[in-house]
Every structure is written in C-alpha cells, then in structure tokens.
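What you see is a predicted model; the values in this text were computed from it and never measured. So you know, we letter chains A, B, ... as the sequences are listed, proteins then strands, and number each from 1. Side-chain atoms are counted along with the backbone in the values below, which use heavy atoms only and exclude waters and symmetry mates.
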Number of protein chains: 2
Amino acid sequence: MTTLKDVANLANVSIATVSRVFSESSAVTSETRKKVINAAEILDYHPNALGRQLRNLETKTILIVVPDITNTFFSNVIRSIESIASDNGFQVFLADTKNRPENEERVIDHLRNKQVDGVILLTARTNVASLNKLSEDYPVVLACEYMEHSNIPSVSIDNISSARKVSNHFFQLGHKKVAHISGPMEVVLSRDRLRGYKQSVLENRQEINSLFIQEGDFSYESGYQLMEKLLALESPPSAVFAANDEMAIGAINAIKHYKLRVPEDISVAGFDDIKMSRIFAPPLTTISQPALEIGEKAMKLLLDIMGGEEVTKRHIVLNDQLIIRDSCKRF
Amino acid sequence: MTTLKDVANLANVSIATVSRVFSESSAVTSETRKKVINAAEILDYHPNALGRQLRNLETKTILIVVPDITNTFFSNVIRSIESIASDNGFQVFLADTKNRPENEERVIDHLRNKQVDGVILLTARTNVASLNKLSEDYPVVLACEYMEHSNIPSVSIDNISSARKVSNHFFQLGHKKVAHISGPMEVVLSRDRLRGYKQSVLENRQEINSLFIQEGDFSYESGYQLMEKLLALESPPSAVFAANDEMAIGAINAIKHYKLRVPEDISVAGFDDIKMSRIFAPPLTTISQPALEIGEKAMKLLLDIMGGEEVTKRHIVLNDQLIIRDSCKRF
DNA sequence: AAAGTGTTTGTAAACGTTTACAAACTATAA
DNA sequence: TTATAGTTTGTAAACGTTTACAAACACTTT
C-alpha cells in the first residue's frame, strides 16, 4: 500500500505537504503540487479514508437502515436522502434488517463504533428506551416511522388520519362492511393505521367487527391468506383496506382466485402507492406518501443535528394524498 | 467520546489490558476483566472501529454495488451474499448507482480508500480497462454480470443460452413472428440476450427483422412504449421476448391497453423471475436465475480472494431455468 | 543593507486502536 | 530458600492521516 510517506519521499517533500495537496486544506505552490501529483500518479496513491477519518473524528458517511430492501416503497425515500447527502459531501451506505429487530440493533452499532456520523432509520422496532438513549448520544432521525413517547426526531405522515381517510372513502361509496388487513402489531405504523380504520368505522356509525380485522405482516402472501379468511366468513366484507399495497395486491389475487371481481364484487384499497399499484390490474386506490419530501426533510434534519444545531422542530408531519384509481366501486 | 484510555484510567489498568478485554485477543484474569467491563459500563464505552481498522489494516466490511435498488431481482442475491458474509464475520454495506456509470466509479473508490476490504458488483458499466486494473489491485467479484475480454472473477448464468431458450420456446409453440425488447446495448447482459434471441431466430429458419428488435432500458415504461411501437407495425409480432420482467409487464399492459389479450392474441415472456412475475395477471413465463446460489458463490469467491488464495476457477456459470407460466400460448 | 510582511514548507503531535516485547507477578519444583 | 516456568500485565511503537506551530524563504519597503 502506498501512503503519504511514499509519495513524500518520491516527491522530495514532507508528508504535510502531500497531505495539503490532497486535502486541499491550504496553499501549495503549483510547482510543488505538480511534483506531488506526479509522484502520486506514479505510485498510484489513494488517500486512506480510515487514517483521515480517525484523525478528523468524522466519517462524512451516513447509514440508512431499511427494514426490507424488497419493498420498493422505500426506494424513493432512499434516493432523495442520497441526493441531499451527496450535495452536502456525505457518503451513504445502506443496511437491510430484513424486518428483524436484532439486525436493527446490530446495525445501529455502526453509529456507536463511529463508522458513520449519523443514521436515518426507516424502521424502528427496537425498544423505545434504548432508541431514546441512542438518540441522545448520536445523530438519529426516523423517517416514515416515529416512536410514541419519544423525542427522537422524525419525519412522517399522520398514519392515523390517512387510514381514516381510506376507510371513510369506502363508507362514502356506500359500503357498510369494511374490513382491514393490518400490518404487524409490533410496529407503530400498523397500530396507527388500525386506529384510523377503527375511528372511521365508529364515525360512520358501524360496529367494530373483530372478524373484519386481520393481522398480516406486510407481505403479499399474508394479504392473500387473510383475504381467503375474510372470504370464508359467513358474511364477508364488501370492501377491504390493506395496510400496504403489497398485501392489497395479495388480497386482490385471492379474490380473483375465487372467481370474484375487483372492484365489482369487492373493493380493495392499499397504502404506500408503490409503483406496482399503478401497474397492477385493477390499478389500486391507495395513499401516496410524499416519499421524496420525507427523504429530503429527514436528511436535512440529520444534517442539522450532525452540525450540532439545536433542532426545535423535532417532529415533521407531511401531507399524504388519497389516490383514487379503479380498485374501489360504489356499493 | 470515551476511549480505551478513559476506561484504563477508571479501571486502573493499562490501555493494553482494556484492549485485550475487548478484542478477546489474549488472556486476562477474570478479576481484571471484571474491573474493565465494569469501568466500560460506567463510561458507556464502545470500541472505535476506525482505530481498530486502521491498526489492523482491514475493515471486515464488504460493499455490494447495486445498479438499481428498485429492481427486486437483486434482493435475493443481496440477501444470500449478506448471509454468507455475516457467517464469516463481515459487515455488508450497500450502494445504489441508479444505473449511472459515474456513480459506479465513485462507489468503487471506497475500495481504493480502504473503507471496505472487497466489493461485489451487480453492475459493470465502467470500462473494461479500469475495472481490470481495479481487480488486479483489490478484491472484486462480479455477480449476475461479467465482462468480456477480462479476467475479473464472476458468477452468472449463460445469458446467451437462456435467451435462446426463451425464444426457442416461442418457436416451438408455433410462433413465427417473434420480437425482442432488449435492454440497453451498453450492458453485456443485454447484448448477450439479444445474441441468444438472434441465434434462435436463425436456428428456426426465420429472418432477423430489425423492426422486431427494440432497445429498451429495463424499465416498465420502456417496455410499454416499445410494445406500442411493435403493435403499430404493419405486421406485428405474435410473440414478444422482453429482456427482463419489468419490461415484459410493461409490454403486457400496452397490449391490454389496445384491447388485446395475453396470451390469446400475443404471447409475452420475460427474464429474471422477479416476484411480480408470479403475481401479475397473467403470470409470466420467464427465466429464473438462481439468485441465492449466485450470491452465495460470489461471496465465497470474494472471501477466497480476500483471504489471498489463488483462485483458479474465476468464472462460475450457473444453470438457469425456463419457468413456464400463462403468458405464452400455442400460435 | 536591514527590517518587515506574507507565503510556503517542515516538524511533530495527535486521533483510537493492537501487539511485540519486556517486566512483573504466581506457582511449582528442586 | 532459590530456580524455573507459566501467566498476566505494562510500555511503547506502530497504522495513515491532519494541523498547530515554527522555520524558511521570497518579496517589499525603509
């Protein structure tokens, strides 16, 4: 490996000078610069990031923790984070937790290890206490997610009101029997969406039917299976609100499998507005989260925190939008 | 920040001892260990990875370079890489190049900077010469991809023969007018799949019709648009082979949009066997790449190279499989 | 020619680890 | 008791950078 020293020797200057050339930190005469560049070229020198980072006590790197790289919803969030990060001279690494809280813990250690300067979490299944502690000590921002009873900076939509909006849409279309396929109850998002659904049911003077509430895990398969269960009911729902698009698509396929039609026989709505929801037949009515804006705001928040600024507005709630497509019909 | 020194002071031992406790590198009496652990606990000490990595001149980290996180095909490859990596004590970071060669270059610098010990590239759009050079100096493995005229270790399927297989399938079903929506010509994969298609056309004693070859960019949108072009032909094809599933789905939707049916009016096949190809209606006939095995083999190859072993078998070609579903029909 | 000013360079000390080597223990054997 | 061997600990030097400070140099100005 060639180091500053090697280049310095060949160029006949001190390592300080070579360092100055590469870090562009202070003036070097164009003559010496040329000598240095030349020597570096010959030796194929590349600055060692570890040395630099150790000395500077910063990595200029952030980590995005994704619950599931398979879920395309996160892609846009990630890309807008990356774009802002790169504008500000930060590298971005991604880590996939595969929906496992223990992986989340493990990955967060990169922060304590000083391998990255900050973290944006797109998932927060770890317990509140330890995440709170982490956030006191290190720059952490939650995006899409948030934590109850916690002061961890977050950027998200109001999932309760969005879910209510979807469910109300069904009632406005004249449906009375509206079911909900929820996400896993250990994540706040799922609980919020369920809460919004329940609020809407009560607002519309219907009873909450526990048979109409099925807990899935955000996967296509769970959407499919739980829809089968709903279809098997003596009095099946005429409308189904799934807590994400992938489950909604699973539900639709289950309905199709039983030779029923969407939306003619059963209406279905999803959540997230992933690309597939536009492409699928029928195109899915769903909630569109402002993914780009979430990513942007989250990264800016993180930059502020890493910059040591006192952040006053710690929770940013953005507007979502109900996208009406063809998967729901008047009852 | 608390360091070895702080812990050493509080525990009344030398920093060497503290280091030994945390690196588990040599024996420490249980009594001193207890003192150290205790002090570390009090001070909330976490070893600084940069210091460690600099000293050891290795990071125990690899980087996976993905062309497009949006493309779910890569997910399984990534996950099997991660699994093998973690079994061997390696961390994994992901970087997304958004299909931009310049991002590829930038990301590869992490290797030269010594931020990671090795790289697995799921994309190789950089020029051969510079990639060859890189691979001489650092541990690099190509997965799914490969480079012509190059000795860079790679794990992939034989895209030419797979494409031929798909196309032959159409001819066996009695089709005569088989079109191809290719990927971008700057990537080898696309060129190979096109080559396989052409070979199949000739084998089946048909003429190569340049109107039947349309160059896309692997996106849904390009599949849709190019299918529109094919439909507009005076004599449109009766079967279309798209170079990946996303374009195939785009093509199907274009066909549907013109009130034609798949497969009754036009047969369509894809490539990659992403999850959506099973879920979509009609389920897609496609080539299934052994994603898990590719990831596994690629990571093992990388481990060998990083371990300094002389790798003799540098190119691993795995078997794919033609998955016949409902999107193709006898002509 | 001397003094003053501004620019460029070099020296050396850090950043937080690990580890070769030496020193200091402890336990056993003669 | 002393010698020997084995274990545990400490000292100090590295790993590749950056940067405060000092030194050296090149100009002006007097």
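- Contact record, T123(B) with T97(B): CG2-OG1, 4.3 Å, taken as the closest heavy-atom pair.
- Annotation: side chain to side chain contact (heavy atoms under 4.5 Å, CB included) contacts of E58(A) (sequence neighbours excluded): N56(A), K60(A), D117(A).
- Residue pairs meeting the salt bridge (charged side-chain N to carboxylate O under 4.0 Å, His left out) criterion with at least one member in residues 4-28 of chain B: none, sequence neighbours excluded.
- Residue D96(A) comes nearest to P67(A) through the heavy atom pair OD1-O, 3.6 Å, listed as atom of the first residue, atom of the second, then distance.
- Closest approach of A143(A) and I120(A) over heavy atoms only: CB-CG2, 3.9 Å.
- Over its length, the helix from dA1(C)-dT30(D) to dA30(C)-dT1(D) turns its helix axis by 60°, as judged from the five terminal pairs at each end, rounded to 10°.
- Applying the ring-ring contact (aromatic ring centres under 6.0 Å, His included) test to pairs two or more places apart or on separate chains, none has a residue in residues 49-74 of chain B.
- Listed here is the closest heavy atom pair of L54(B) and L50(A): N-CD1, 4.1 Å.
- Remark: T17(B), R20(B), A27(B), V28(B), T29(B), T32(B) in residues 17-34 of chain B come within less than 4.0 Å of DNA chain D through at least one heavy atom.
- Considering only residues two or more places apart in sequence or on other chains, H46(B) meets the ring-ring contact (aromatic ring centres under 6.0 Å, His included) condition with none of them.
- For S83(B), there are no side-chain hydrogen bond (donor to acceptor under 3.5 Å, both in side chains) partners, not counting sequence neighbours.
- With sequence neighbours left out, F93(B) forms a ring-ring contact (aromatic ring centres under 6.0 Å, His included) with F93(A), H110(A).
- Within residues 37-61 of chain A, the residues having any heavy atom under 4.0 Å from DNA chain D are, by residue number, Y45(A), H46(A), P47(A), N48(A), G51(A), R52(A), R55(A), N56(A).
- Each ring-ring contact (aromatic ring centres under 6.0 Å, His included) pair with one or both residues in residues 111-153 of chain B, not counting sequence neighbours, would appear here, but there are none.
- Contact footprint of chain B on DNA chain D: nucleotides with an atom under 4.0 Å from a non-hydrogen protein atom, first to last in 5' to 3' order, dT8(D) to dG16(D).
- For the side chain to side chain donor-acceptor pair (under 3.5 Å) condition, the pairs that include at least one residue of residues 30-40 of chain B, sequence neighbours left out, are T29(B)-T32(B).
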